[in-house]
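Reviewing the structure listed below.
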Amino acid sequence: MTSGSYSHQSKSAVRDRRMGWAIALHGGAGDIPLSLPAERRAPREAALRHCLELGVAALKANRPPLDVVELVVRELENSPCFNAGKGSVLTTNGTVEMEACIMDGNTKKCGAVSGLSTVVNAISLARLVMERTPHIYLAFDGAEAFAREQGVETAHSSHFITPENVERLKNAKEAKRVQIDYTQPIKGAIPSSIGDSQIGTVGCVAVDGHGILASATSTGGLVNKMVGRIGDTPIIGAGTYANSYCAVSATGKGESIIQATVARDVAALMEYKGLSLKEAAAYVIERTPKGNVGLVAVSANGEVTMPFNTTGMFRACATEDGYSEIGIWPSGINGDLEYPNK
């Protein structure tokens with residue numbers, strides 16, 4: 001069987017099985033302790049619920065999936081609970097370097113940015129790169145200059161620096177290490193009111209009733225990372241990908257996600273091996289070193305999956321057939337939530 005005929009049969013099968021719109025989002029994956037106190041857990045679950053409801057309403061209003069994922073990620077960026085936008089973690093120099101990526105599965109058009117220090121919503125600048133330049137990826141001074149040209153909202157770098165992240169950088173420096181999302185408190189560090197500063201990369205994937213897909217991801221990177229380090233988030237096929245089969249947004253240790261080409265591999269396994277969305281995502285997660293990755297994904301026929309090989313992943317999803325979920329740890333552990341979509 002030729003690859004062309006295989007692809008045609010796969011797409012026909014998808015059309016036959018279509019279940020309607022679906023959406024999934026994440027707020028980061030990592031070593032999230034089961035002892036996470038309620039005062040740190042509740043605001044993040046509330047933020048996930050709010051953003052899920054926002055995305056569902058947009059899909060029900062027939063807004064394009066690209067608009068939906070941008071809308072949801074902007075809202076996540078505006079929350080100090082997560083490692084993106086307002087809650088971005090700090091580099092070894094105590095500065096913020098935000099990055100983001102957005103991709104339209106229907107056209108494979110995409111835009112990415114890195115090294116932002118003043119742009120309030122990095123995801124929207126990534127979309128402007130996609131729509132208003134001949135390029136895909138802009139970074140650092142060039143990306144900041146483009147933001148000014150486009151008149152996007154900016155703020156002084158102090159807007160993005162929270163007391164929690166100043167404390168978290170201090171602890172990381174004392175331990176002489178770089179921290180991925182949700183690293184537990186450093187042994188021997190001075191206890192503080194912020195605990196382990198549970199924040200993380202954000203992302204959203206969506207599909208409409210016509211099978212059009214989109215993905216968006218945004219992050220502040222790693223705590224105490226070297227200035228100029230770029231992670232998986234803005235790299236097409238690593239942290240972010242969408243085509244006619246699926247849309248994927250990954251989170252975790254960027255270096256491992258880049259090495260495993262996580263997002264593209266999920267799509268490739270569906271396209272070339274005929275695996276279902278859940279089979280493809282599970283295979284990719286299993287083959288990535290344990291403790292390093294999580295992802296959310298939707299397929300063209302409205303399937304959704306949110307696997308991870310870390311202790312937990314802040315996540316939420318909803319489908320047109322009425323299923324909805326908000327969770328942190330594996331289902332059923334420590335009271336993770338599942339509830340019907342109203």
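Predicted, not measured: the structure shown is a model, and the values here were computed from it.
Taken to the nearest 0.5 Å, the CE atom of M306 stands 8.0 Å off from the CG atom of L25. Taking OG from S215 and CD1 from I102, the interatomic distance works out to 8.5 Å, rounded to the nearest 0.5 Å. Here the CD atom belonging to E271 is positioned 4.5 Å from the OH atom belonging to Y245, to the nearest 0.5 angstrom. Rounding to the nearest 0.5 Å gives a distance of 9.0 Å between OG1 of T310 and CG of N292. In this structure, CG on L295 lies 8.5 Å from OG1 on T288, to the nearest 0.5 angstrom. How far CG of L52 is from OG of S324: 4.5 Å, rounded to the nearest 0.5 Å.
A salt bridge links E174 with K170: the closest approach of a Lys/Arg side-chain nitrogen to an acidic carboxylate oxygen falls below 4.0 angstrom. Comment: K273 does not engage D265 in a salt bridge, judged by the lack of any side-chain N to carboxylate O separation of less than 4.0 angstrom. Between R229 and E97 no salt bridge is recorded (no basic side-chain N to carboxylate O distance below 4.0 Å). For the pair R49 and E53, the salt-bridge criterion is not met [side-chain N within less than 4.0 Å of a carboxylate O].
Counting all heavy atoms, side chain and backbone alike, I136 lies closest to V129 at O-CG1, 3.3 Å. For the residue pair C51 and V72, the shortest heavy atom distance occurs at O-CG2, 3.8 Å. Taking all atoms of both residues into account, the shortest heavy-atom contact from A214 to A247 is O-CB, 3.3 Å. The minimum heavy-atom distance linking V207 with G302 is given by the pair CG1-CA, 4.1 Å. Heavy atoms only, all atoms of each residue included: V266 and C246 are closest at CG1-SG, 4.2 Å. Nearest approach of C81 to P43, heavy atoms of both residues: SG-CB, 4.0 Å.
In this structure, the side chains of L116 and E144 come closer than 4.5 Å at one or more pairs of heavy atoms. Side-chain contact between I32 and I328: present, with at least one pair of heavy atoms (C-beta onward) separated by less than 4.5 Å. Side-chain contact between L71 and R63 is present, with heavy atoms from C-beta onward closer than 4.5 Å. Counting heavy atoms from C-beta on, the side chains of L213 and P65 never come closer than 4.5 Å. A 4.5 Å side-chain heavy-atom check between M98 and S218 finds every atom pair outside the cut-off. At least one side-chain heavy atom of V166 sits less than 4.5 Å from a side-chain heavy atom of I161. Counting heavy atoms from C-beta outward, K86 and E77 have side chains that stay 4.5 Å or more apart. Inter-residue side-chain proximity for N309 and V293 is flagged as met; some heavy-atom pair is nearer than 4.5 Å.
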Let's go through R127 and D67 carefully: what are the C-alpha distance in whole Å and the side-chain angles of both, what is the deciding distance for side-chain contact (heavy atoms from CB on, under 4.5 Å) to 0.1 Å, and is it a yes or a no?
CA-CA 10 Å; R127 183 167 181 179; D67 288 355; 2.7 Å; yes
Please walk me through it: do E45 and R41 pass salt bridge (charged side-chain N to carboxylate O under 4.0 Å, His left out)?
CA-CA 6 Å; E45 288 181 334; R41 171 179 173 174; 2.8 Å; yes
Report the C-alpha separation of E325 and R315 in whole Å, then their side-chain angles, then the decisive distance to 0.1 Å, and conclude whether the side-chain contact (heavy atoms from CB on, under 4.5 Å) test is met.
CA-CA 8 Å; E325 175 187 343; R315 64 197 188 277; 3.6 Å; yes
May I have the step-by-step check of side-chain contact (heavy atoms from CB on, under 4.5 Å) for Y241 and T261, ending in yes or no?
CA-CA 10 Å; Y241 192 73; T261 58; over 6 Å; no
Run the side-chain hydrogen bond (donor to acceptor under 3.5 Å, both in side chains) check on E99 and T219 step by step: do they pass?
CA-CA 6 Å; E99 51 193 31; T219 188; 5.7 Å; no
Could you walk me through whether E164 and R168 pass the salt bridge (charged side-chain N to carboxylate O under 4.0 Å, His left out) check?
CA-CA 6 Å; E164 290 85 354; R168 195 175 185 201; over 6 Å; no
Check the pair I23 / C204 against side-chain contact (heavy atoms from CB on, under 4.5 Å), numbers first and verdict last.
CA-CA 7 Å; I23 185 172; C204 181; 3.9 Å; yes
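Under 3.5 Å, the side chains of Y137 and S114 contain a donor-acceptor pair of N or O atoms. Residues S158 and H156 have side chains that bring a donor and an acceptor to within less than 3.5 angstrom of each other. In this model, a donor atom of one side chain and an acceptor atom of the other lie less than 3.5 Å apart for R74 and S124. Of the N and O atoms on the side chains of S249 and T217, at least one donor lies less than 3.5 Å from an acceptor on the other residue. Judged by distance alone, the side chains of N121 and N78 do bring a donor and an acceptor atom under 3.5 Å apart.
Residue R264 is tested with V284, N243, L269, V248 for a side chain to side chain contact (heavy atoms under 4.5 Å, CB included); the sole match is N243. Of the residues N93, T91, T92, the one that meets the side chain to side chain donor-acceptor pair (under 3.5 Å) test with N224 is T92.
Heavy atoms from other residues, nucleotides or ligands lying under 6.0 Å from CD of E286 number 12 at most. Other residues, nucleotides and ligands place no more than 12 heavy atoms under 6.0 Å from the OH atom of Y283.
The backbone N or O of R40 sits less than 3.5 Å from a side-chain atom of R44, completing a donor-acceptor pair. Under the 3.5 Å distance criterion, the side-chain polar atoms of D104 are left unmatched by any main-chain donor or acceptor of K108. Under a 3.5 Å cut-off, the side chain of S88 and the backbone N or O of G85 do form a donor-acceptor pair. In terms of modelled atom types and a separation under 3.5 Å, the side chain of D31 and the main chain of G291 share no donor-acceptor contact.
The hydrophobic cluster containing I230 does not contain F146, counting ILVMFWY residues as joined when their side-chain heavy atoms lie under 4.5 angstrom apart, directly or transitively. L54 and F314 are assigned to two separate hydrophobic clusters, defined by single-linkage of ILVMFWY side chains at heavy-atom distances under 4.5 Å. Under the 4.5 Å side-chain heavy-atom criterion for grouping Ile, Leu, Val, Met, Phe, Trp and Tyr, V298 is not connected to M103 through any hydrophobic cluster. By the criterion of side-chain heavy atoms lying less than 4.5 angstrom apart, applied directly or through intervening Ile, Leu, Val, Met, Phe, Trp or Tyr residues, I326 is not grouped with M313; the two fall into different hydrophobic clusters. Cluster membership for L48 and W329, using ILVMFWY side-chain heavy atoms within less than 4.5 angstrom, is shared.
Residues I258 make up the rest of the hydrophobic cluster containing I235, defined by ILVMFWY side-chain heavy atoms closer than 4.5 Å, directly or through other members.
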